[in-house]
Participant: 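Sharing a structure here in structure tokens format.
Note on naming: letters A, B, ... go to the chains in the order of the sequence lines (proteins, then strands), and numbering restarts at 1 for each one.
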Protein chains: 2
Amino acid sequence: MGRRSDHSREELCELALDAARRIVDEDGLSALTARKVAGAMGYAPGTLYNLFGNLDDLIVHLNARTLDDLCHRLSLNPGAGSPEEVLSRMLNAYLEFLTDHSSLWHLLFEHKLPDDKELPDWYARKVDKVLGLVENALSPLFAEDRQNQKRDAACVLWASLHGICSLYQTGKLSVVTSTSVREMTETLLANFIAGLRLSQGADGFVHT
Amino acid sequence: MGRRSDHSREELCELALDAARRIVDEDGLSALTARKVAGAMGYAPGTLYNLFGNLDDLIVHLNARTLDDLCHRLSLNPGAGSPEEVLSRMLNAYLEFLTDHSSLWHLLFEHKLPDDKELPDWYARKVDKVLGLVENALSPLFAEDRQNQKRDAACVLWASLHGICSLYQTGKLSVVTSTSVREMTETLLANFIAGLRLSQGADGFVHT
DNA sequence: CTTGAAATTGAACGGCGGTCAATATAAATT
DNA sequence: AATTTATATTGACCGCCGTTCAATTTCAAG
């Protein structure tokens with residue numbers, strides 16, 4: 001077999017990523033194999049390695065798409081309101097995605113590159129974008145001269161929510177409590193923000 | 001080859017789990033293979049399947065040991081003090097374990113049984129024990145008639161800390177912030193507990 | 001000494017990620 | 001139009017993996 005030119009290189013990448021997404025969504029992480037992806041797009045396994053360096057590389061690109069998707073969903077329902085209200089709406093969208101595409105979500109976070117490789121810059125920028133949404137929601141809590149603390153707070157909140165979702169999704173929470181993810185994340189949100197309000201000072205005059 | 005009787009069945013299990021622990025600790029998760037474990041204990045691969053149903057089963061037992069170890073370390077430095085102080089000490093021990101045995105820690109949380117199988121009861125009890133430590137530390141914050149809320153709070157806190165550690169450990173935090181795990185977990189701890197104090201009422205008279 | 005039960009082996013199976021010489025096609029050159 | 005060059009595609013191959021199981025060897029009981 002030789003050159004086919006049924007598809008451009010970009011079309012092939014899209015084909016591969018579409019196939020990969022479908023496979024993960026339908027049959028779970030363990031079903032994502034090079035042979036299966038290649039088969040689903042009607043090509044031989046070797047072709048996949050012309051498009052991506054290896055499976056890890058393909059997964060990073062798939063995760064980038066998932067990140068875009070997630071970011072888009074979180075951006076809907078913008079609306080105004082207190083940080084609690086805004087974040088609660090975002091949480092809705094997040095949990096909905098987690099429920100509907102648990103394997104894609106799982107892949108997004110569970111996947112780890114080998115120690116000697118780092119995530120590319122364009123990927124970091126996508127993560128930044130999501131984090132920016134959280135940051136904006138938290139903005140009213142921080143005085144003008146403390147905006148730099150926003151980012152840390154956003155990171156902490158985001159990572160914490162992730163922890164709850166992660167343990168839930170791997171079945172490690174149900175072993176220990178019957179409380180729903182919904183309730184737990186709301187508990188975190190409420191208490192963490194209450195704490196922030198305090199430490200940032202309701203009117204800027206409490207604590208240092 | 002036939003019956004050797006160099007070791008009792010229990011000794012063999014210990015041999016296997018010791019080997020597995022060493023392999024994970026030294027060479028990471030991906031190095032944990034049946035052949036390697038068997039080789040390290042001086043037996044053929046098949047023997048491993050007389051002791052454990054499969055690799056998943058062995059991993060659950062290894063994780064149980066890790067859980068015991070973790071629980072033990074968290075129980076040292078008991079001491080008195082405010083919930084913040086007690087939990088901060090526990091956090092020290094936790095982060096120390098995370099640093100020294102990152103792969104064992106990773107295996108403990110990342111491993112997921114197939115959907116049709118559940119973690120055994122004796123395993124759930126071990127998780128419970130760790131959670132109990134957090135619960136005790138939070139105890140002073142809850143009035144006598146609200147002790148049942150303790151558990152939820154402990155779960156949320158534990159899961160949240162896990163999220164920060166998890167993202168850190170998979171290199172997904174460094175992409176987005178240069179703040180240390182240490183600082184982030186302290187931020188969570190401080191704000192969450194501050195929030196709890198408020199919602200539980202400093203003297204039981206604020207909010208419902 | 002025989003017999004039966006249990007432990008141990010290691011080859012075998014199907015599948016995996018990844019590689020690469022061979023090949024077939026498209027584009028460039030003559 | 002014929003020839004060359006460049007490139008896309010293949011699929012057999014490598015060394016692994018988890019897991020199985022018939023065959024074998026040893027121990028213990030009768």
Side-chain angles (χ1 to χ4, degrees), chain A residues 1-17 19-21 23-24 26-63 103 107 110-117, chain B residues 1-17 19-21 23-24 26-63 103 107 110-117:
Chain A
M1 275 289 174
R3 181 180 295 194
R4 273 208 216 156
S5 77
D6 300 348
H7 309 281
S8 72
R9 171 165 269 261
E10 279 179 9
E11 283 172 334
L12 283 176
C13 281
E14 295 239 330
L15 231 57
L17 290 173
R21 164 180 259 151
I23 289 169
V24 171
E26 290 175 3
D27 301 323
L29 298 199
S30 59
L32 184 64
T33 71
R35 285 166 172 81
K36 228 171 195 159
V37 173
M41 56 190 287
Y43 280 78
T47 299
L48 220 50
Y49 291 86
N50 286 353
L51 305 170
F52 302 96
N54 50 40
L55 255 204
D56 268 352
D57 188 23
L58 184 148
I59 290 176
V60 169
H61 282 83
L62 174 55
N63 281 345
S103 292
L107 186 62
E110 183 247 29
H111 181 254
K112 191 191 179 187
L113 287 175
D115 288 330
D116 52 344
K117 296 199 176 173
Chain B
M1 276 291 174
R3 182 177 296 193
R4 274 208 216 155
S5 77
D6 299 348
H7 309 281
S8 72
R9 171 164 270 261
E10 279 178 10
E11 284 170 334
L12 283 176
C13 282
E14 296 238 329
L15 231 56
L17 291 173
R21 164 179 259 153
I23 289 169
V24 172
E26 290 176 4
D27 301 322
L29 299 199
S30 58
L32 184 64
T33 72
R35 285 171 173 81
K36 228 170 194 161
V37 173
M41 56 190 289
Y43 280 78
T47 299
L48 219 51
Y49 290 83
N50 286 354
L51 306 171
F52 303 95
N54 49 41
L55 255 204
D56 268 352
D57 189 22
L58 183 148
I59 290 175
V60 169
H61 282 82
L62 175 54
N63 281 344
S103 292
L107 186 62
E110 184 247 31
H111 181 253
K112 190 189 179 187
L113 287 175
D115 288 330
D116 52 344
K117 296 199 176 173

Participant: Taking all heavy atoms of B:L32 and all of B:A20, pick out the closest pair and write down the distance.
Facilitator: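 Closest pair (atom of B:L32, atom of B:A20, distance): CD1-CB, 3.8 Å.
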Participant: Specify the closest pair of heavy atoms between A:N63 and A:L107, including all atoms of both residues, with the distance to one decimal.
Facilitator: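 Where A:N63 meets A:L107 most closely, the heavy atoms are ND2-O, 3.4 Å.
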Participant: In whole angstrom, give the distance that lies between atom CG of A:D6 and atom C1' of D:dT7.
Facilitator: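 From A:D6 CG to D:dT7 C1': 15 Å.
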Participant: Can you tell me if CG on B:D115 sees more than 12 non-hydrogen neighbours from other groups inside 6.0 Å?
Facilitator: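 Not more than 12 within 6.0 Å, no.
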Participant: According to side-chain hydrogen bond (donor to acceptor under 3.5 Å, both in side chains), does anything in residues 30-42 of chain A pair up with another residue at least two apart or in another chain? List the pairs.
Facilitator: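 Of all non-adjacent pairs touching residues 30-42 of chain A, none passes side-chain hydrogen bond (donor to acceptor under 3.5 Å, both in side chains).
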Participant: For DNA chain C, find the residues of residues 46-57 of chain A with a heavy-atom distance under 4.0 Å and give them by number; none if there aren't any.
Facilitator: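 When residues 46-57 of chain A is checked for heavy atoms under 4.0 Å from DNA chain C, the hits, listed by number, are A:Y49, A:N54, A:L55.
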Participant: B:I59 has an atom CD1; how far is it from atom C1' of D:dG18, in whole Å?
Facilitator: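 Answer to the nearest Å: 11 Å.
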Participant: Quick check: closest heavy atoms across A:L55 and A:A34, and the distance to 0.1 Å?
Facilitator: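 Minimum heavy-atom separation between A:L55 and A:A34: CD1-N, 4.1 Å.
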Participant: Specify the separation, in whole Å, of atom CD1 of B:I23 and atom P of D:dC17.
Facilitator: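 One finds 10 Å between P of D:dC17 and CD1 of B:I23, rounded.
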Participant: If you take any heavy atom closer than 4.0 Å to DNA chain C, which residues from residues 29-36 of chain B end up in contact?
Facilitator: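 Listed by number, they are B:R35.
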Participant: Check step by step if side chain to side chain contact (heavy atoms under 4.5 Å, CB included) holds for A:D56 and A:H111.
Facilitator: CA-CA 8 Å; A:D56 268 352; A:H111 181 254; 2.8 Å; yes
Participant: Testing the basics here: between A:S103 and A:L29, what is the closest heavy-atom pair and its distance to 0.1 Å?
Facilitator: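 The pair with the smallest heavy-atom distance is O-CD2, 3.3 Å.
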Participant: Set out, in order, the CA-CA distance, both residues' side-chain angles and the distance that settles side chain to side chain contact (heavy atoms under 4.5 Å, CB included) for B:M41 and B:L48, then state yes or no.
Facilitator: CA-CA 10 Å; B:M41 56 190 289; B:L48 219 51; 3.8 Å; yes
Participant: Could you give the CG-to-C1' distance, from A:L12 to D:dT9, as a whole number of Å?
Facilitator: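 About 10 Å, once rounded to whole Å.
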